[in-house]
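Below: one structure, written as structure tokens.
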Amino acid sequence: MIKRMWPYMRPYKKYLFISCFCVITETIFELVIPIIMADIIDVGVANGDKEYILLKGMQMILCAIMALILGVLYARYAATAGQGFGAELRKDEFAKVQSFSFANTDHFSTSSLITRLTSDVTILQTAISNGIRPIVRSPVMLLTALVLTFTINAKLAIVFLIAIPILGIGLFTIVSKVGPLYRLMQTSIDAVNTIVQENLNAIRVVKSYVRGRYEEEKFEKVNNSLRQNSEKAFRTSVWNLPLFQLVMYSTIVCIIWFGGNMIFQGTMKVGELTGFLSYVLQILNSLMMISNVFLMLTRSIASGERIIEVLDETIDIKDLPNANATVQNGTIDFDHVYFKYKQDAEEFVLSDINLHIEKGSTVGILGGTGAAKTTLVQLISRLYDVSEGEVRIDGKNVKEYPVEHLRDAIGMVLQKNTLFSGTIRENLLWGDEHASDDDINWACHVACVDEFIHNFPKGYDTDLGQGGVNVSGGQKQRLCIARALLKRPKVLIFDDSTSAVDTATEANIRNGLATLTDTTKIIIAQRVSSVQHADQIIILEDGKIHAIGTHDSLLENDSIYQDIYYSQQEGAGL
């Protein structure tokens, strides 16, 4: 995983290396202090030499000050390296998500992607910011202190050869058990985020149906699951501390016992034992830091694997090497098209679709719920790729066009209208960021936005709030239509995009669209009145084309169209 993540650290490797150097140098200064202290006891105190004691004391103070300065520098550069790494990783992960097709997005839940972009990245960058010190310091301190203890008294240092393997075996057991628990804990965070996101998005529905208690119970269930999984993970990892304390105190007791006997036997001095114990504490402290590092790395690996799953997701819709065609007219053909969302699905969502749509024409699509109307139009802009057959624009397979150009040439007003936080103007400019005021006024006139825009004191500069909460459903639909019109697309697709406007306004929009003679218009609707003036109307049933014709021909010959038309006429008469 380190090899996979290193490119994101490369811009900040200078700060990483500087912080490592600061830690190593700081550790050396700290390790010198016990040697000086031993000299003070064995030479200065033993001989009553005050000048020697004062000189060595000044050396200890100097070492402590240098260690302090280096520690401050480490904190600064380690934070820069960690936060920079996190920013680069988050940026690349977000860019990868932006390149996802609808099929790629279906592999991850929205809440999981949010967790992988935030919580998982934060865990990694925190591991770097807080982990460089123990990762670098602990091995240096451990090895140096071990060498010095063997230098002071090799026989007494043998105690470590017993203590360290015991601690290592225990740590390995803990880490092997806690790793899967950390991954399960992050998955539980995904579930909590799902409930929170769903509840906040639908807060008006929740309050309208007085289902607050029900939502609280749903949240309590996933929240308890997160608590239980977190408790399991931390309950396992917390064994690290008592294991370390058991080994540490046992080691200290053994060293004091054997060292005291050596002093009585005259084979060891008091100052040597004092210095030895200082190094013992540093060795044990370094072992403690190493054990904490392993636990931190275990959690980081779990988060890193989740991030890599996103980064390594294979993009199933991308430009072919020779994709350089441009959309000129907007003629559309479906040639024996079959489609299913998953390759291993038993049935096709769309089956044997053969269809010709002439440039500049208006086509209506009707059908019951689940007839795959939305799926059909999503194949045109390659939001999904066909499973079999071809979709062609201007006689060329849609795969021969660059994806960005293809989607830019197609204006699509989706079934779910989405506006972003910001002003009305900023949302409209999504269609064309260079659009002039005249262009905006034209698009808003065709979409009947000009019927209500004057009701806002700031006009186009009115802030919409998050998700367009300051406008009604019908106003939101008209703004989305105007945004698509600003693209001046060759193909314009309405996916049930006028369902929230009244029939008079819909008729005005339809009249405005009729002036776009160079634009191919595809209208998915539930109301016959929305499509009865179309050049041709397509009836979809169970993912297959049931009938194609004009309003008059279908009304005369097709039973499904007759049922839809007369049921709506009766409903209008009630």
Side-chain angles (χ1 to χ4, degrees), residues 89-117 190 194 197 306-327 332-351 353 370 372-393 396-418 420 430-431 480 483-484 487 489-497 522 524 543:
L89 180 58
R90 196 179 294 110
K91 179 179 70 175
D92 197 39
E93 190 178 2
F94 184 78
K96 184 60 180 282
V97 171
Q98 291 299 307
S99 69
F100 278 5
S101 68
F102 280 15
N104 291 126
T105 307
D106 292 342
H107 295 165
F108 304 92
S109 67
T110 302
S111 59
S112 179
L113 288 174
I114 292 173
T115 305
R116 294 168 197 245
L117 276 162
D190 292 345
T194 297
Q197 181 188 27
R306 285 162 50 85
I307 293 171
I308 289 173
E309 285 176 1
V310 176
L311 296 175
D312 288 349
E313 173 75 8
T314 302
I315 306 299
D316 62 338
I317 295 180
K318 52 188 175 182
D319 293 340
L320 298 178
N322 59 344
N324 54 13
T326 57
V327 178
I332 301 171
D333 290 285
F334 284 76
D335 185 5
H336 296 287
V337 168
Y338 290 79
F339 174 77
K340 52 186 175 181
Y341 288 102
K342 295 182 178 179
Q343 294 301 318
D344 56 353
E346 294 182 1
E347 296 182 0
F348 287 97
V349 178
L350 289 168
S351 300
I353 303 297
K373 302 183 295 295
T374 298
T375 304
L376 178 71
V377 296
Q378 286 177 341
L379 299 178
I380 299 173
S381 55
R382 289 193 74 194
L383 296 177
Y384 290 100
D385 266 341
V386 300
S387 301
E388 296 178 20
E390 284 188 358
V391 177
R392 293 191 291 269
I393 296 181
K396 298 177 181 177
N397 193 314
V398 290
K399 295 180 181 180
E400 297 180 28
Y401 296 94
V403 174
E404 185 174 339
H405 165 75
L406 176 67
R407 293 175 182 170
D408 197 44
I410 299 172
M412 196 164 185
V413 186
L414 299 172
Q415 193 172 23
K416 183 179 179 181
N417 298 285
T418 301
F420 298 88
W430 272 63
C480 290
R483 181 174 63 189
K487 295 178 71 173
K490 296 296 183 182
V491 178
L492 185 59
I493 299 172
F494 287 175
D495 187 357
D496 201 15
S497 306
I522 302 174
I524 296 175

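Contact check for Val386 versus Leu350: no side-chain heavy atoms found under the 4.5 Å cut-off. The side-chain heavy atoms of Ile522 and Ile332, taken from C-beta on, include a pair separated by under 4.5 Å. Contact check for Val97 versus Phe108: no side-chain heavy atoms found under the 4.5 Å cut-off. Counting only heavy atoms from C-beta outward, the side chains of Val403 and Lys318 never approach each other to under 4.5 Å. Put simply, the side chain of Ile353 does not reach to within 4.5 Å of the side chain of Leu379, judged on heavy atoms. Between Thr115 and Arg306 there is a side-chain heavy-atom pair separated by less than 4.5 Å. Within the 4.5 Å cutoff, no side-chain heavy atoms of Glu400 are placed close to those of Arg392. In this structure the side chain of Phe100 reaches within 4.5 angstrom of the side chain of Lys96, judged on heavy atoms.
The aromatic rings of Tyr341 and Tyr384 stand perpendicular to each other, their planes meeting at an angle above 60°, with 30° marking the opposite boundary.
Minimum interatomic distance between Pro402 and Ala325 (heavy atoms only, all atoms of both residues): CD-O, 3.3 Å. What you find for Arg116 and Val310 is that their closest heavy atoms are CD-CG2, 3.5 Å. When all heavy atoms of Glu93 and Ile307 are compared, the pair lying nearest together is OE1-CG2, 3.9 Å. Residues Pro489 and Ala409 share a closest heavy-atom pair of CB-O, 3.4 Å. Gly431 and Lys487 get closest at one heavy-atom pair: O-CG, 3.2 Å. Residue Tyr401 comes nearest to Ile393 through the heavy atom pair OH-O, 2.5 Å, listed as atom of the first residue, atom of the second, then distance.
Interatomic distance, CG of Leu113 versus CD of Glu309, reported as 11.0 Å (0.5 Å rounding). Expressed to the nearest 0.5 Å, how far OG of Ser112 lies from NE2 of His107 amounts to 13.0 Å. Once rounded to the nearest 0.5 Å, the distance linking CZ of Arg407 with CZ of Arg382 reads 7.5 Å. For the atom pair CG of Leu414 and CG of Leu383, the computed distance is 7.5 Å after rounding to the nearest 0.5 Å.
Other residues, nucleotides and ligands contribute over 12 non-hydrogen atoms within 6.0 Å of the CD atom of Gln98.
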